[in-house]
Amino acid sequence: MTLQESDFAFVRDFVLSRSAIVLEQGKEYLVEARLAPVARDAGLSGIPALVEQLRRQPSGALATRVVEAMTTNETSFFRDSHPFDALKSTIIPTLLERNRADRTINIWSAACSTGQEPYTIAMTLRENFPQLDSWKVRIVATDLAEHVLDRARAGRYRQLEVNRGLPALYLTKYFTRHGLDWEVTPALKQWTEFRQLNLIGDWGVMPRFDVVFLRNVLIYFDLDTKRKILGKVRRTMSRDGWLFLGSAETTLNIDEAFRRVHADRGHAYQNAA
Ligand SMILES: C[S@@+](CC[C@H](N)C(=O)[O-])C[C@H]1O[C@@H](n2cnc3c(N)ncnc32)[C@H](O)[C@@H]1O
């Protein structure tokens, strides 16, 4: 089946307006691969019928399924390990000093997908800073897609997923076995809170974040959207807080109010103002 140009254009505009994800010309194969199962599950004959249905009813469960199906949820434990090394070597030691009056640390994992990123943060903190037991640690983890958030909240992972990046020591210490799956311990869940948040929508009330992980999501957006989101992120951050982006992402030439700083073997961004 080949996707009609008008159906592709409809899906492209639909997804762009609801998520900011840009589907360039040439991504027709992706739309076909992702939406054919959505159409099938909805009892529709194919993507043309799905588009027809969305034109008639542009909101509701089917619309949500279409947008969620077009998100890419690739992630793993300890992905690009340097931000976690930086938490251990410099950032948390600095915050233990800087925040000692209110004994609070707020971290945001924006676009957290199935939760490996926020749980990696929690493990890094538990493993290296037992004194945080008496602190108020909040790891706010958000994503656009409810289906990944459900998995993140459950904290259950398949063997294949824990095999990717998770050291054996952490598996035995921070997970319990459930049949073929592994579930994170309550000690990790206790610090993490998951909520649905669209980066181009209303963020509601947010705490002031000491560290923000905004990794591997800006790549899907156009320049103007990146600029708006980075500006908004900057305003949620505490003075001298740290922002981590994915390895293919930068604030350079997008938001000059950020400056790039060394963070362990990699780099982070801080508010230069
Ligand atoms: C590739 S994953 C990144 C996961 C994790 N941060 C990492 O680096 O491993 C990108 C995530 O961004 C989410 N996403 C895409 N558009 C979004 C939006 N407009 N608002 C919030 N999250 C979005 C997707 O649902 C997906 O789970």
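Counting from 1, the numbers follow the sequence of the chain as shown. Heavy-atom basis, side chains included; hydrogens, waters and symmetry copies ignored. These figures come from a predicted structure and were not determined experimentally. Counting starts at 1 for both ligands and their atoms, following the listed order.
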### Task
Step by step, work out the side chain to side chain contact (heavy atoms under 4.5 Å, CB included) result for Ile107 and Val140.
CA-CA 6 Å; Ile107 301 177; Val140 179; over 6 Å; no
### Message
Looking only at the side chains, is there a donor atom on one of Thr104 and Asn99 sitting less than 3.5 Å from an acceptor on the other?
### Response
no
### Query
Tell me: protein heavy atom nearest atom 20 (N) of ligand 1, and distance?
Leu199 N, 2.9 Å
### Task
Is it possible for you to check whether Arg18 lies under 6.0 Å from the centre of the six-membered ring of Phe14, through NZ or CZ, and within 45° of that ring's axis?
yes
### Task
Over 60° means perpendicular and under 30° means parallel, so classify the ring planes of Phe78 and Tyr170, tilted if in between.
perpendicular
### Message
What I want to check is whether the side chains of Thr176 and Trp182 have a donor and an acceptor closer together than 3.5 Å.
### Response
no
### Task
Can you pull out the closest protein heavy atom to atom 18 (C) of ligand 1? Residue, atom name and distance to 0.1 Å, please.
Asn198 OD1, 3.6 Å
### Message
Any atom of ligand 1 sitting under 4.0 Å from a heavy atom of Phe221?
### Response
yes
### Message
Looking only at distances, can you tell me whether any N or O atom of Arg215, backbone or side chain, sits closer than 3.5 Å to an N or O atom of ligand 1?
### Response
yes
### Query
Between His82 and His267, how do the two ring planes meet: parallel, tilted or perpendicular, split at 30° and 60°?
tilted
### Message
Using a 4.0 Å cutoff against the non-hydrogen atoms of Val217, which atoms of ligand 1 qualify?
### Response
12 (O), 14 (N), 15 (C), 23 (C)
### Query
Hey, which atoms in ligand 1 end up nearer than 4.0 Å to a heavy atom of Glu117?
5 (C), 6 (N), 7 (C), 8 (O)
### Query
Which other residues end up in the same hydrophobic cluster as Val22, if Ile, Leu, Val, Met, Phe, Trp and Tyr are linked when side-chain heavy atoms come under 4.5 Å apart?
Leu16
### By side chain to side chain contact (heavy atoms under 4.5 Å, CB included) - contacts of Ala49 (at least two apart)
Leu44, Ser45
#### Entry: Distance-only polar pair, side chains of Ser109 and Glu117, donor-acceptor under 3.5 Å
yes
### Query
If you count the atoms of ligand 1 from 1 in the order shown, which ones are under 4.0 Å from a heavy atom of Thr71?
24 (C), 25 (O)
### Query
What protein heavy atom sits nearest atom 19 (N) of ligand 1, and how far off is it?
Ser19 O, 2.8 Å
### Query
By number and element, which atoms of ligand 1 are closer than 4.0 Å to a non-hydrogen atom of Leu197?
20 (N), 21 (C)
### atom 10 (C) of ligand 1 - nearest protein heavy atom and its distance
Thr72 O, 3.3 Å
### Query
Counting from 1, what ligand 1 atoms have a heavy atom of Asn216 closer than 4.0 Å?
1 (C), 2 (S), 3 (C), 7 (C), 8 (O), 10 (C)
### Query
What is the closest protein heavy atom to atom 23 (C) of ligand 1, and at what distance does it sit?
Leu144 CB, 3.6 Å
### Ligand-residue contact atoms, ligand 1 with Ser113, heavy atoms, under 4.0 Å
4 (C), 27 (O)
### Query
Of the protein's non-hydrogen atoms, which lies at the shortest distance from atom 9 (O) of ligand 1, and what is that distance?
Thr75 OG1, 2.6 Å
### Heavy-atom nearest neighbour in the protein, as seen from atom 5 (C) of ligand 1, with distance rounded to 0.1 Å
Ala111 O, 3.4 Å
### Message
Strictly below 4.0 Å, N to O, side chains only: are Asp133 and Arg126 in salt-bridge contact?
### Response
yes
### Message
Among all protein heavy atoms in this structure, tell me which lies nearest to atom 27 (O) of ligand 1, with the distance rounded to 0.1 Å.
### Response
Asp143 OD2, 2.7 Å
